[in-house]
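See below for the structure under consideration.
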Amino acid sequence: MPVEHAIRATGLTKRYGDFTAVDGIDFTVNRGESFGLLGPNGAGKSTTMRMIAAVASRSAGTMSVAGLDPEKNGPEVRARLGVIPQQDNLDEELSVRENIIMYGRYFGLPRRWLSAKTEELLEFAQLTHKATSRVEDLSGGMKRRLTIARALVNEPEILLLDEPTTGLDPQARHILWDRLFRLRESGTTLVLTTHHMDEAEQLCERLIVVDEGRIMAEGSPAGLIRDHSTREVLELRFGMDRNQEQAQQLTTLLGSPGPASSNDPVSSNGSATAGRDVGFSHVEVLPDRLLVYAGSAESALEQIHAAGLRPMTSLVRRSSLEDVFLRLTGRTLVD
Amino acid sequence: MSTDPLTADPALKGPASPAADKQAMAGRARRFGALHQAERTLRSMRAYGTVIIFSSVSQPIMYILAMGLGLGVLVGEGGDFAEYGASSYLMYIAPAILASTVAMAAGIEFTFPVMEGFKWRRLYYGAQASPLSPGQIASGHILAVSVRFGIHAAVFTVVLYLFGAISSPLGVLMIVSAMLGGLAIGLPIMAYVSTLRDEKGQMSLIQRFVIMPLFLFSGTFYPLTNLPGFLQVLGWFSPIWHANELGRLLAFGQPTPAWLIVVHVLYLLGITVTAWLVTVRIFTRRLGLEEWRGRTPGAKADARRQDRLAVKDASDVARSAAAETAPASRGELPRISFRRGFGANYYSGNIRAVFGRGLTAIRNNRGVIFLSGLLEPVLFLTSFGLGISPMIAGVDAEQVGLSGGGTISYAAFIAPALLAVSAMNGAIFDSTWNVFFKLKITKLYRTMMSTSLGPVDVAVGEICLALFRGGLYALGFLGVLLVGGLVDPLAAVLMWFTALFVALGFASVGMAVTSFMTRFQQMDWMMMVLMPMFLFSATLFPISVYPVGVQAFIQALPLWHAVELMRDIAFWDFSGLTLVHIGYYLVMIVAGLALTTYRMKKLFLR
């Protein structure tokens, strides 16, 4: 019986003793979708992934993966999954090719079929020239690609990726993203966790923001930014000691209604200054810098300069999921 | 009255920072650098200080009880050893056991920590950034290890005195000869290890092909002259033999010609000094300006292997190109099949894959490491069979609980026991060290559990692998016994199956125990249980030499049952007790497997 959704979880909970790692979350992943779990370390992302992968039991709630309960049909569920763990756990005692073949054998696939499939996957991972090498001779990016190739050996319906590009250099990341795009196009469901915003924006059609085991928000990357942040951000540094007091000043300066609209009833941190093209929302104080949220960061900067304030550095950028997370939780994602 | 603080006399400045005067600091490092490095090494040893002290106390007691008293009964007290100046067998072997245990410690302290310093934790590169010279780093390590030898030897000597195994106060000096012996065997090894860029099983090769043979053929448990001529030559080259003989001279005045004393001292000193200088030179090459990165052992062999595979690859491609007429496609994904129904969550019916992976891994590793396991029982049999036999007329069959009376040769007595021990060692090694490694370090089992495999597939597959290895070793050893005429062909066949049976018992319990372990140090404790079990379980002498209480304790241990079972078969002497031995192992197997499976599930399916 064909199931519309790839994964559906309701009231999903995981407790280790007194500690609640996942606190009653609901989500659905549709077939062929690429779905992200975004959150800081310790938010419960990996635990959720482990419950999907049928290697962790649930404390409460229901879950169906490809129409099956992972707790009851462990091997059957795992046969439909490709799992890419946070750390490459390749088999160092085997060669690159043997790594893929043996992994396929764990699924009980016949050797004859595997030998052809393996060549195909080596090609896909751009590792054909390294087929007989030992794993320890591979670079970090190559190891990651081999881990992904290996997870594809059973032609999984759902691919689980835990922090797929953490620790890779930018070039290796882009090669990897390219491979993942291809998989998405071929109809594989991707579920990935990340704490890299750019990765979530690149790869996920839809994502949930998780913190302390609960879902803080859900939506597409663009939708989340639209709903929870301004279009642009101005990053300012005044020096460690002065950031806090400057924040007060900036809020008053940018937030106060201009002379033209002094009787505008909207409160000081609203969008009352929209008429002056700043679109100011609020200021976040981080230990090393200030973030000014505004529709037009450029105009905000002009206004700050006009008021005679002299930040040590300033940077105008577009709003990202990082800002969404900061807004939702009051904390930064990578500390 | 200078106003410039930089030129002010540092002595006048009172509590200034000792780091302020860079010149004095560099001078201190130049003079005492080796001591600083030694201090660091000793501090790191404190982490396993309990193990060091415990083994220094327990090893002499263990050897005194086992070899001195147990084997001593067979060898016969007094008489024989008067010509060497000792009044008992215990007294005769005491100095040699001290020297041997120091040599064993040298085999550890000069291998793993050096590899750790260069490669695993790169500690030496931290010291390199300080004013210490590379030579001081090397010497510091050597000094620290010498101190450890000294502590071990001192504790050991005290215990020997307490048991009356040494009488002369001059015996204290054998601490020095033992330390010298340890350095003479350890420093050449340190020099070799410090040239290595990478470790590919060299440490265990050193243990098995250098330390073990030298220990067994250095006249530790018997005079070297008991061995046939060609094996005596091996002893002459062994620093342990020279240290043993010096120790005997010091402990009980073993009559030795003056020239031989000079040879002993010069040989030990010569090796120590030469190897020390070579080590300093290698450290200077690696940590000095030259920045030599060391050699990769087996790099050539690995290159050859890759070439071979590449050639095979090319021919495969050529063949498939030739057979282009056949459709190139691999076809649809075959059905992934697994068991359904009872216990489907634990066992997917694919033990084969786990076993196959193990075989491939063995094939990829260097064969010599695999084969080295075969060597150990053969070496033991050669050493004890040839060296001890001249001192023992034979073992009284009745004394060892065999019917029929008469005496059996000592070699025939220990051969079945050594087979049981090798089955135990192989199974324990595979199911503890190797499993721990795959469990905690490489996380192989975690990977396996993310596929459709279940915990039972993994556990049983790994145990099968341990049995495969154990079976091959047993086959080799039984071959040696057959050639030596120590067993009948029919008994040998039965003994082979028994070796597998025994190995299965130890492997399943060993794996269950390993699943509870969290750190490598806990493995050390386990090894400390195995050693006395080997020495006391009626392997080298019958347990009838002990009081009844001690006998009962030994009879509760698994190895005793294995040894007795093997002997029953070897001498074709079965009784109701044979069934008890078999029953004991059946319980071990079932309990071990059940606990292992439970733990696997607990660890991986949480």
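The chains referred to below are lettered A, B, ... by the order of the sequence lines, with proteins before strands, and numbering in each begins at 1.
- Heavy atoms of other residues, nucleotides or ligands lying less than 6.0 angstrom from OH of B/Y598 number 12 at most.
- The backbone N or O of A/R105 sits less than 3.5 Å from a side-chain atom of B/N350, completing a donor-acceptor pair.
- At a 4.5 Å heavy-atom cutoff, the contact between A/S133 and chain B is made by backbone and side-chain atoms alike.
- Taking both residues in full, the closest heavy atoms of A/R78 and B/M449 are given as NE-O, 2.9 Å, listed atom of the first, atom of the second, then distance.
- With a 4.5 angstrom heavy-atom cutoff, A/L94 touches chain B via backbone and side-chain atoms both.
- Taking each heavy atom of A/N89 and B/R446 in turn, the nearest pair found is ND2-CG, 4.4 Å.
- The local environment of NZ in B/K443 is sparse, with at most 12 non-hydrogen atoms from other residues, nucleotides or ligands closer than 6.0 Å.
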Verify side chain to side chain contact (heavy atoms under 4.5 Å, CB included) between B/T447 and A/R150, making sure each step is shown before the conclusion.
CA-CA 11 Å; B/T447 310; A/R150 194 181 66 169; 3.4 Å; yes
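- Pairing each heavy atom of A/Y106 with each of B/S452, the nearest pair is O-OG, 3.5 Å.
- The part of A/E71 that comes within reach of chain B is its backbone (N, CA, C, O), which places non-hydrogen atoms under 4.5 angstrom from that chain.
- No more than 12 heavy-atom neighbours from other residues, nucleotides or ligands sit within 6.0 angstrom of CZ on B/R121.
- Contact annotation for A/E98: only side-chain heavy atoms (C-beta onward) come within less than 4.5 Å of a heavy atom of chain B.
- Contacts of A/D137 with chain B are made by side-chain atoms alone, with heavy-atom separations under 4.5 Å and no backbone atom involved.
- Contact of A/R134 with chain B is made through backbone and side chain together, with heavy-atom distances under 4.5 Å.
- Between atom OG1 of residue B/T442 and atom CD of residue A/E93 there is a gap of 7.5 Å, rounded to the nearest 0.5 Å.
- Both the backbone and the side chain of B/T360 have a heavy atom closer than 4.5 Å to some heavy atom of chain A.
- For chain B, the nearby part of A/D91 is the side chain; its heavy atoms alone come within less than 4.5 Å.
- Judged by distance alone, the side chains of A/Y103 and B/S450 do bring a donor and an acceptor atom under 3.5 Å apart.
- Interface remark: of the candidates A/K72, A/Q87, A/E92, A/K72 forms the most heavy-atom pairs closer than 4.5 Å to chain B.
- Within a 6.0 Å radius of CD in A/Q126, more than 12 heavy atoms belonging to other residues, nucleotides or ligands are found.
- Interface remark: B/L453 contributes backbone and side-chain atoms alike to the contact with chain A (heavy atom separation under 4.5 Å).
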